[in-house]
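Report on one structure; see the data block that follows.
Order of listing sets the numbers, starting from 1, for every ligand and every atom in it. One-based numbering along the sequence shown.
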Amino acid sequence: MIDTRILKGASLAKRLRAEIATAKAHLIELDGHAPVLATLLVGENGPAQAYRASIDRTFQRVEIEHRHVELPTTTSSSELEAAVEELNNNDEITGILVLMPLPGHLDPHLILEHLSPLKDVDGITPTNAGRLHLGLPSLRPSTPAGGLELLDFFNVNLEGSRVTVIGRSNVVGRPMATLLTQRHATVTLCHRRTVNLAGEVRRADVVCIAAGSPGLVTADMVKPGAIVLDFGVNVSSHGTIVGDADYENLLGVAGAITPVPGGTGPVTALVLARNTLAAGFATLQGTLDNVLFDLPDRLQPSTEDSPLS
Ligand code: ADP
């Protein structure tokens with residue numbers, strides 16, 4: 001029986017809050033005004049509102065203003081475009097997050113073309129996503145960036161290790177896979193049409209799950225001693241929040257596991273806060289080229305061993 005290590009976000013959160021306090025003071029000194037994150041919600045949506053509530057709690061704690069912008073469900077594409085442009089042009093607003101999912105009649109891709117890359121705190125615009133995949137400094141999606149930081153915080157070895165990522169969304173699975181290959185892991189990216197998910201998970205030293213499917217990864221699928229990073233946030237039939245992994249049965253099998261809630265979640269909202277500050281610096285400088293302050297020195301790409309090769 002393995003003594004499974006519980007990877008709690010709270011341990012890293014303390015360090016992130018300290019980093020945020022320092023960066024915030026520096027930004028205010030340079031910029032002359034306090035940073036503000038605007039989250040835009042169209043209509044009513046349970047998961048989007050729950051995520052916004054968690055942003056509220058985190059931002060209150062780190063003392064960064066979080067402004068709620070609301071549009072009715074009936075908002076048209078051109079009205080949404082105009083609302084995003086207005087936030088782009090509003091000097092008071094440092095970062096912008098459009099809460100997903102949008103009502104069915106609105107194409108989420110619309111946002112991608114209209115959001116300013118310098119205010120794009122979740123790294124979803126083609127500019128930030130492209131820069132991430134090219135290994136250039138960028139604003140990176142908070143969930144995978146936080147997940148990677150959690151693995152680093154607990155000294156999980158990535159170089160040369162086999163990692164299976166489940167889920168290929170543009171905000172979690174796919175960027176997570178990219179970040180991991182840049183850290184020299186050998187990555188398998190699984191999705192709904194993967195033929196033998198259990199087999200792909202079984203080979204992995206590290207399993208990252210972002211599928212939105214409770215109980216998807218069971219104890220018999222995981223190699224004893226493997227690390228399990230669970231990004232899933234699902235509401236169970238009892239109304240509690242559960243992840244995508246069968247947490248209880250993985251205790252004693254996994255080498256380490258993130259609990260849900262309390263694992264990756266607290267880190268995501270803090271990385272969003274830090275991204276808001278990074279967006280503030282990027283806007284001041286008019287470029288994304290220096291958005292590297294969230295990478296520890298040892299992780300900066302070196303010329304001899306390029307993460308792009
Ligand atoms: P998120 O925003 O958390 O990444 P999405 O709903 O956008 O969530 O994406 C879910 C991803 O998970 C998709 O890429 C989908 O292919 C993958 N996925 C969902 N269910 C399964 C499953 N049963 N097996 C493998 N992959 C799955």
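- For ligand 1, one of its N or O atoms has an N or O atom of R168 under 3.5 Å away.
- Using modelled atom types and a 3.5 Å distance limit, the side chains of H33 and E92 yield no donor-acceptor pair.
- Distances below 4.0 Å separate heavy atoms of A210 from the following atoms of ligand 1: 4 (O), 10 (C), 11 (C), 12 (O).
- Taking 4.0 Å as the cut-off, I166 counts as a neighbour of ligand 1 on heavy-atom distance.
- Here the straight-line distance linking atom CZ of F153 with atom CG of L7 works out to 10.0 Å at 0.5 Å rounding.
- Checked options V121, D122, V172, L97; the residue passing with S142 is D122 (criterion: side chain to side chain contact (heavy atoms under 4.5 Å, CB included)).
- Summary of contacts: the protein heavy atom closest to atom 3 (O) of ligand 1 is V172 CG2, 4.0 Å.
- The protein atom (non-hydrogen) at minimum distance from atom 16 (O) of ligand 1 is R192 N, 3.0 Å.
- Tested against R140, the residues T178, V271, V291, L179 include a single side chain to side chain contact (heavy atoms under 4.5 Å, CB included) partner, L179.
- Closest protein heavy atom to atom 25 (C) of ligand 1: H191 O, 3.1 Å.
- For the pair D230/T264, no side-chain contact is recorded, criterion being any heavy-atom separation below 4.5 Å from C-beta on.
- Side-chain atoms of D205 come within 3.5 Å of backbone atoms of R162 as a donor-acceptor pair (strictly under, hydrogens ignored).
- Atom 12 (O) of ligand 1 is flagged as protein-proximal [any protein heavy atom, distance under 4.0 Å].
- With a heavy-atom cut-off of 4.0 Å, L216 touches ligand 1 through its side chain alone.
- From L216, atom CG reaches atom CD1 of I209 across 7.0 Å, with rounding to the nearest 0.5 Å.
- Counting only non-hydrogen atoms, the option in P47, S169, G212, A211 that gets closest to atom 10 (C) of ligand 1 is A211.
- The ligand atoms of ligand 1 that sit less than 4.0 angstrom from a heavy atom of G167 are 11 (C), 12 (O), 14 (O), 17 (C).
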